[in-house]
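Below: the structure, in structure tokens.
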Amino acid sequence: QEQLVESGGGSVQAGGSLNLSCAASGYTYSSNSMAWFRQAPGKEREGVAAIWPGTGTTYYADSVKGRFTISQDYAKVYLQMNSLESEDTAMYYCAADSDGRVVDGHVPHPYQYNAWGQGTQVTVSS
């Protein structure tokens, strides 16, 4: 069973940067996607970015394009976040699609992912 542990969250001022990391234990390399989701208080969990290791395909939500970069190094997934805005404040979760439900490049939805981390808080002050 794959287990995911996020780190790297914190509090920054608007315009600042953070680099989130997700370490996967029990990880078996696959071409299936891994993704970052976020959830702000009172809002639904949304897919921020996803990566398909087999093809190198990535997905970004419109709200983070040009500011966030997702990358993977075997059993670790990273989310480099630059030019942070107050609207980026949320709990960020790493997720893995062990069953290959998400088609390359398609919008990731929470129900498609079957392994989740505990989350790391990102707070951006303006």
Side-chain angles (χ1 to χ4, degrees):
Q1 179 69 28
E2 190 169 0
Q3 293 184 329
L4 307 175
V5 179
E6 304 96 335
S7 61
S11 297
V12 296
Q13 290 191 329
S17 298
L18 285 172
N19 189 24
L20 305 184
S21 296
C22 172
S25 61
Y27 177 80
T28 300
Y29 178 83
S30 77
S31 60
N32 299 331
S33 74
M34 296 193 71
W36 287 94
F37 288 80
R38 67 184 180 187
Q39 188 166 20
K43 294 189 177 181
E44 293 186 354
R45 191 169 296 191
E46 64 168 340
V48 174
I51 188 167
W52 286 260
T55 59
T57 303
T58 56
Y59 161 87
Y60 294 98
D62 287 344
S63 59
V64 306
K65 280 181 182 176
R67 301 188 297 121
F68 290 12
T69 303
I70 188 170
S71 60
Q72 181 169 4
D73 179 11
Y74 191 63
K76 279 197 171 182
V77 180
Y78 304 94
L79 187 67
Q80 177 66 43
M81 305 186 297
N82 298 327
S83 302
L84 282 162
E85 304 168 354
S86 57
E87 292 77 13
D88 296 318
T89 295
M91 185 72 79
Y92 283 71
Y93 299 90
C94 176
D97 168 28
S98 300
D99 296 334
R101 297 181 181 181
V102 191
V103 176
D104 280 31
H106 282 209
V107 176
H109 297 285
Y111 71 86
Q112 296 171 312
Y113 290 77
N114 53 3
W116 291 85
Q118 82 289 349
T120 185
Q121 177 68 38
V122 171
T123 302
V124 184
S125 57
S126 56

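Between Tyr93 and Trp116, the ring planes are perpendicular. Angles over 60° get that label, and only those under 30° would be called parallel. Ring geometry, Phe68 versus Tyr92: the interplanar angle falls from 30° to 60°, so the pair is classed tilted.
In this structure, the separation between OG on Ser98 and CE on Met34 is 8.0 Å, given to the nearest 0.5 Å. Once rounded to the nearest 0.5 Å, the distance linking CG of Leu18 with CD of Gln80 reads 8.5 Å. Distance check: Asp97 CG to His109 NE2 gives 12.0 Å after rounding to the nearest 0.5 Å. Summarising the geometry, atom SG belonging to Cys94 is positioned 11.5 Å from atom NZ belonging to Lys76; distances are rounded to the nearest 0.5 Å. A distance of 7.0 Å separates OG in Ser63 from CG in Asp88, rounded to the nearest 0.5 Å. Going from atom CD1 of Ile51 over to atom OG1 of Thr57 covers 9.0 Å, rounded to the nearest 0.5 Å.
No side-chain donor-acceptor contact under 3.5 Å links Trp36 to the backbone of Cys22. Formation of a donor-acceptor pair under 3.5 Å by the Gln72 side chain with backbone atoms of Val77 is not found in this model. A donor-acceptor pair under 3.5 Å is absent between the side-chain atoms of Arg101 and the main chain of Asn114, judged by distance alone.
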Would you sort out whether Tyr78 and Thr69 count as a side-chain hydrogen bond (donor to acceptor under 3.5 Å, both in side chains), showing the intermediate values? CA-CA 8 Å; Tyr78 304 94; Thr69 303; over 6 Å; no

- Message: Does Glu6 form a side-chain contact (heavy atoms from CB on, under 4.5 Å) with Gln118? I'd like the steps, not just the answer.
- Response: CA-CA 7 Å; Glu6 304 96 335; Gln118 82 289 349; 2.9 Å; yes

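In this structure, Leu4 is a member of the same hydrophobic cluster as Ile70, with clusters built from ILVMFWY side-chain heavy atoms closer than 4.5 Å. Under a hydrophobic clustering in which Ile, Leu, Val, Met, Phe, Trp and Tyr are joined whenever their side-chain heavy atoms come within less than 4.5 Å, directly or via other members, Val122 and Val48 fall into the same cluster. Note on Val124 and Tyr60: same hydrophobic cluster, where clusters join Ile, Leu, Val, Met, Phe, Trp and Tyr whose side-chain heavy atoms are under 4.5 Å apart, directly or indirectly. Taken together through direct or relayed side-chain contacts under 4.5 Å among Ile, Leu, Val, Met, Phe, Trp and Tyr, Leu20 and Phe37 form parts of separate hydrophobic clusters. Note on Val102 and Val107: same hydrophobic cluster, where clusters join Ile, Leu, Val, Met, Phe, Trp and Tyr whose side-chain heavy atoms are under 4.5 Å apart, directly or indirectly.
Of all the heavy atoms in Ala50 and Pro108, the pair that sits closest is CB-CG, 4.2 Å. Between Tyr113 and Ser33, the shortest heavy-atom distance links the atoms OH-OG, 2.8 Å. Closest of all the heavy-atom pairs between Ala90 and Arg38 is CB-CB, 3.9 Å.
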